[in-house]
Amino acid sequence: MEAYLGSVSDVLSYALMRNHFHIALRIKAENETGWLRTANADSEDPFVKWSTSLDPPTDANRKKPEIQFMLRHLLGAYSKWFNVRYHRSGKLFEERHERKIVNSEDHLRQLILYINRNPEKHKVTKAFYEYEWISYHTLISDSPTWLSRPTVFELFQDKETFMAAMKRVDFDDWLKELEYEPR
């Protein structure tokens, strides 16, 4: 995620589930994105291929990454890895990804809470913090991260308020409030 999405977005939150995933992104403005390193355009390594430098490269063949293509590259690279790892072939994802635009800070706060509490919602675990593959653990740690931790904490005022909010979410009430209909 860092290699493919970091050049075009700030990753605020994620949950990697057995049969689906959720990611909350803030799409960067064009002047915030890096550049394609054209000399390395054929590289399989996305860290070699994309530069996070905001300074334009000197060659004339420069290109800015676009979110829809970077997401497609991420899903394609993951599918390829998964198929090789598990000795399989064919399509890994059944449907196209679903996008929702978030128009308010309150909605974004609720979305971040929803994503990190998703293992509870799907009854994978009784307590969200027992599930390893959510951004919550990285967000509350002091370890260096590529997640946009300051943005998340600013939305909730601070780390402690975020942690407290994670413990108070009632999914049913929130879904009714947003008039959200799960698929």
Side-chain angles (χ1 to χ4, degrees), residues 1-28 46 67-141 143-149 151-153 155-156 159 161-183:
M1 283 195 297
E2 177 187 10
Y4 288 101
L5 299 181
S7 62
V8 291
S9 67
D10 292 324
V11 181
L12 304 177
S13 209
Y14 67 83
L16 307 176
M17 306 297 291
R18 181 182 171 141
N19 63 353
H20 70 284
F21 63 90
H22 298 273
I23 306 174
L25 305 172
R26 182 194 71 83
I27 308 305
K28 293 179 179 179
I67 184 68
Q68 66 271 21
F69 297 119
M70 297 306 284
L71 191 53
R72 186 183 307 158
H73 291 318
L74 168 66
L75 297 177
Y78 178 75
S79 296
K80 185 177 179 180
W81 171 85
F82 190 91
N83 284 343
V84 168
R85 171 78 168 85
Y86 294 102
H87 309 288
R88 65 179 300 280
S89 63
K91 196 172 170 183
L92 183 59
F93 297 101
E94 290 181 14
E95 300 174 15
R96 265 186 70 157
H97 59 276
E98 184 177 325
R99 297 178 296 244
K100 295 195 183 227
I101 295 174
V102 176
N103 291 318
S104 72
E105 284 188 0
D106 186 51
H107 188 187
L108 183 56
R109 278 189 288 274
Q110 293 296 337
L111 179 64
I112 290 168
L113 297 175
Y114 175 83
I115 287 172
N116 282 287
R117 299 275 309 259
N118 208 255
E120 275 181 15
K121 178 183 183 298
H122 290 287
K123 300 186 182 358
V124 172
T125 184
K126 290 185 181 196
F128 69 89
Y129 51 81
E130 294 173 352
Y131 191 74
E132 183 178 2
W133 302 106
I134 55 174
S135 55
Y136 176 78
H137 305 293
T138 304
L139 287 168
I140 67 166
S141 80
S143 301
T145 182
W146 49 271
L147 290 174
S148 295
R149 186 185 285 146
T151 303
V152 173
F153 291 161
L155 280 166
F156 289 90
K159 177 180 174 178
T161 307
F162 168 67
M163 292 170 66
M166 282 293 298
K167 295 175 183 164
R168 288 197 298 263
V169 171
D170 183 334
F171 281 112
D172 294 331
D173 290 344
W174 178 65
L175 293 176
K176 287 177 193 169
E177 184 180 312
L178 288 180
E179 297 177 7
Y180 178 78
E181 295 181 24
R183 297 188 302 148

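Computed from a predicted structure; not experimentally measured.
- For the pair Asn116 and Ile134, the tightest heavy-atom approach, listed with the atom from each and the gap, is O-CD1, 3.4 Å.
- Annotation: Phe156, atom CZ; neighbour count of heavy atoms from other residues, nucleotides and ligands within 6.0 Å is above 12.
- For Glu105, there are no side chain to side chain donor-acceptor pair (under 3.5 Å) partners two or more places apart in sequence or in a different chain.
- For Leu147 against Thr145, the heavy-atom pair with the smallest separation is N-OG1, 3.0 Å.
- Between His20 and His122, some side-chain heavy-atom pair lies under the 4.5 Å cut-off.
- Contact of the Ile23 side chain with the Met1 side chain is registered, since non-hydrogen atoms from C-beta on lie closer than 4.5 Å.
- Ser135 places no side-chain N or O within donor-acceptor distance of the main-chain N or O of Ser13, the cut-off being under 3.5 Å.
- Leu5 pairs with exactly one of Asp10, Leu74, Ile27 by the side-chain contact (heavy atoms from CB on, under 4.5 Å) rule, that one being Leu74.
- The two residues Phe128 and His137 make their nearest non-hydrogen contact at O-NE2, 4.4 Å.
- Between Phe162 and Tyr136, the angle of the ring planes lies from 30° to 60°, which puts this pair in the tilted group.
- From Tyr131, atom OH reaches atom CG of Leu16 across 7.0 Å, with rounding to the nearest 0.5 Å.
- Side-chain atoms of Thr125 come within 3.5 Å of backbone atoms of Ala127 as a donor-acceptor pair (strictly under, hydrogens ignored).
- Atoms CD and CD, from Glu130 and Glu120 in turn, are 8.5 Å apart once rounded to the nearest 0.5 Å.
- One distance of note links CD1 of Ile112 with CG of Leu108; it measures 4.0 Å at 0.5 Å rounding.
- Contact check for Phe21 versus Trp133: no side-chain heavy atoms found under the 4.5 Å cut-off.
- Separating the CD1 atom in Ile115 from the CG atom in Leu12 is a distance of 8.5 Å, to the nearest 0.5 Å.
- With contacts defined as side-chain heavy-atom distances shorter than 4.5 Å, the pair Tyr129/Met166 does not qualify.
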Using atom types as modelled, flag every donor-acceptor pair under 3.5 Å from a side chain in residues 83-91 to any protein atom, sequence neighbours excluded.
unit_1 : atom_1 : unit_2 : atom_2 : d
Asn83  : OD1    : Arg88  : NH1    : 2.3
Asn83  : ND2    : Gly90  : O      : 3.0
Arg88  : NH2    : Lys91  : O      : 3.4

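- The CG atom of Asp106 sits 11.0 Å away from the CG atom of Leu111 when rounded to the nearest 0.5 Å.
- In this structure, NE2 in His22 is found 10.5 Å from NZ in Lys100, a value given to the nearest 0.5 Å.
- Side chain of Lys159 to main chain of Phe153: no donor-acceptor pair is present (N/O by atom type, distance under 3.5 Å, no hydrogens or angles).
- Between Val124 and Arg18, every side-chain heavy-atom pair lies at or beyond the 4.5 Å cut-off.
- A pairwise comparison of heavy atoms in Arg149 and Leu139 identifies NE-O, 3.0 Å as the closest pair.
- The shortest heavy-atom contact between Thr138 and Ser141 is O-OG, 3.0 Å.
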